[in-house]
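What follows is a single structure, written as structure tokens, with notes after it.
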Amino acid sequence: IEIREEPIQGENRVNLVVDINETARAKIDDVEFEGNTVFSDRKLRGSILSKKSWFAYLFDTGFFRQDQLQSDKRALTRLYESAGYLDFYVDRIETNFDDDGEVPEDDLFEVEGKPYTVSSVTVEGNTVFTDEDLLSAPALKTGEQFNGELESADMDAMKAKYGPLGYLNFSVVPKRD
């Protein structure tokens, strides 16, 4: 997009001209993963939104979107956290465009880290409910592999106890030591 001003002769005004150069949307041809050992490429592709689509001509899918890469990184992080890999991160993403404007490959370079085990589940700062009330049936259990989804379920269960009592600003802050 290019914006330029064209003065109108004899007047104290200008015309703004907006030149838009539309190009074809880039289609994703493939997404590759480097450094993964815990999950297969197929499993990782299934967890992200950026992927090749055989139905791109019918639906608005299979096109490269820069903003979607951040969502993909979060989705991969959630997947790895659900398996106990708290140190996981996407080190870098390389996007290679060919001359046709297609994206032949998005390469995601990952660092998986190691899985974590839950050493203990405790609560602090509670005054309305006892520790036993809040931890009566935790989804995340001591000695098991950490799972981010179970941690969220436990936090939601605690919020559900406080919410009906009018604690609107109640929050759970997990400590991962």
Side-chain angles (χ1 to χ4, degrees), residues 28-56 59-95 103 105-177:
I28 296 173
D29 190 46
D30 198 10
V31 177
E32 295 292 326
F33 299 92
E34 303 288 335
N36 54 308
T37 58
V38 177
F39 297 110
S40 68
D41 285 3
R42 183 178 184 162
K43 175 78 172 175
L44 296 176
R45 269 189 213 100
S47 70
I48 63 174
L49 297 173
S50 298
K51 57 184 97 177
K52 182 176 185 167
S53 173
W54 299 102
F55 303 105
F59 305 106
D60 191 26
T61 60
F63 293 102
F64 174 76
R65 290 182 38 204
Q66 185 69 37
D67 62 323
Q68 207 167 49
L69 293 177
Q70 296 307 311
S71 296
D72 291 342
K73 286 171 70 171
R74 287 190 299 273
L76 290 171
T77 301
R78 280 191 306 274
L79 177 66
Y80 273 90
E81 280 187 357
S82 72
Y85 289 81
L86 299 176
D87 295 333
F88 169 83
Y89 64 95
V90 176
D91 184 43
R92 71 184 186 281
I93 299 174
E94 292 179 3
T95 303
V103 181
E105 233 173 60
D106 271 344
D107 291 325
L108 285 84
F109 295 85
E110 307 169 0
V111 177
E112 292 178 328
K114 61 181 176 83
Y116 283 79
T117 302
V118 178
S119 60
S120 65
V121 179
T122 60
V123 291
E124 295 175 2
N126 48 309
T127 57
V128 176
F129 294 101
T130 66
D131 291 1
E132 292 77 24
D133 288 337
L134 294 174
L135 297 173
S136 59
L140 198 59
K141 296 183 177 34
T142 300
E144 293 182 357
Q145 193 164 338
F146 177 83
N147 181 319
E149 292 173 1
L150 296 180
E151 179 186 55
S152 292
D154 284 342
M155 292 189 310
D156 289 344
M158 289 181 200
K159 288 177 187 176
K161 290 186 182 223
Y162 279 90
L165 300 177
Y167 290 89
L168 303 178
N169 293 325
F170 172 78
S171 64
V172 178
V173 180
K175 277 198 221 172
R176 298 176 181 169
D177 298 328

Taking all non-hydrogen atoms of both residues, which atom of Val31 and which atom of Phe33 are closest, and how far apart?
CG1-CZ, 3.9 Å
Given side chains that start at C-beta, do those of Asn36 and Lys43 come closer than 4.5 Å, heavy atoms only?
no
Given side-chain hydrogen bond (donor to acceptor under 3.5 Å, both in side chains), test Thr77 with Arg74 step by step and report yes or no.
CA-CA 5 Å; Thr77 301; Arg74 287 190 299 273; over 6 Å; no
Are side-chain heavy atoms of Met155 and Val173 found at a separation under 4.5 Å?
no
Which atom names give the shortest non-hydrogen contact between Ala139 and Glu144, and what distance separates them?
O-OE1, 4.4 Å
So, do Phe170 and Leu165 sit near enough that their side-chain heavy atoms are less than 4.5 Å apart?
no
If I compare all heavy atoms of Leu79 with all of Leu44, which pair ends up nearest, and what's the gap?
CD2-CD2, 3.7 Å
Test item: Glu151 side-chain N/O and Phe146 main-chain N/O as donor-acceptor pair under 3.5 Å:
no
Quick check on Asp67: does its CG atom have over 12 non-hydrogen neighbours (other residues, nucleotides or ligands) under 6.0 Å away?
yes
Check against side-chain contact (heavy atoms from CB on, under 4.5 Å), Tyr167 and Val128
CA-CA 10 Å; Tyr167 290 89; Val128 176; 3.0 Å; yes
Quick one: does Asp91's side chain have a donor or acceptor within less than 3.5 Å of a partner on Glu110's backbone?
no
Nearest atoms (heavy-atom pairs only) where Ser50 meets Asp72
OG-OD2, 2.5 Å
With respect to Phe88, which candidate in Val111, Val38, Leu76 satisfies the side-chain contact (heavy atoms from CB on, under 4.5 Å) definition?
Leu76
Kindly indicate, with the supporting measurements, whether the criterion side-chain contact (heavy atoms from CB on, under 4.5 Å) is fulfilled by Arg78 and Lys73.
CA-CA 9 Å; Arg78 280 191 306 274; Lys73 286 171 70 171; over 6 Å; no
Using side-chain heavy atoms (C-beta onward) and a distance below 4.5 Å, is Leu86 in contact with Glu81?
yes
Centroid-centroid distance, Tyr89 to Tyr80, less than 6.0 Å
no
Do Asp87 and Tyr116 have side chains that get closer than 4.5 Å, going by heavy atoms?
yes
Do Glu124 and Lys175 have side-chain heavy atoms sitting under 4.5 Å apart?
yes
Taking the side chain as C-beta and beyond, is there a heavy-atom pair between Val118 and Lys141 under 4.5 Å?
no
Can you confirm whether Arg42 is buried at CZ, in the sense that more than 12 heavy atoms of other residues, nucleotides or ligands lie under 6.0 Å from that atom?
no
Residue that, paired with Met158, satisfies side-chain contact (heavy atoms from CB on, under 4.5 Å) out of Asn126, Leu135, Asp133
Leu135
Does NZ or CZ of Lys159 lie under 6.0 Å from the centre of the six-membered ring of Tyr162, at an angle within 45° of the ring axis?
no
Measure the OG1-CD distance between Thr37 and Glu112 for me, rounded to the nearest 0.5 Å.
3.5 Å
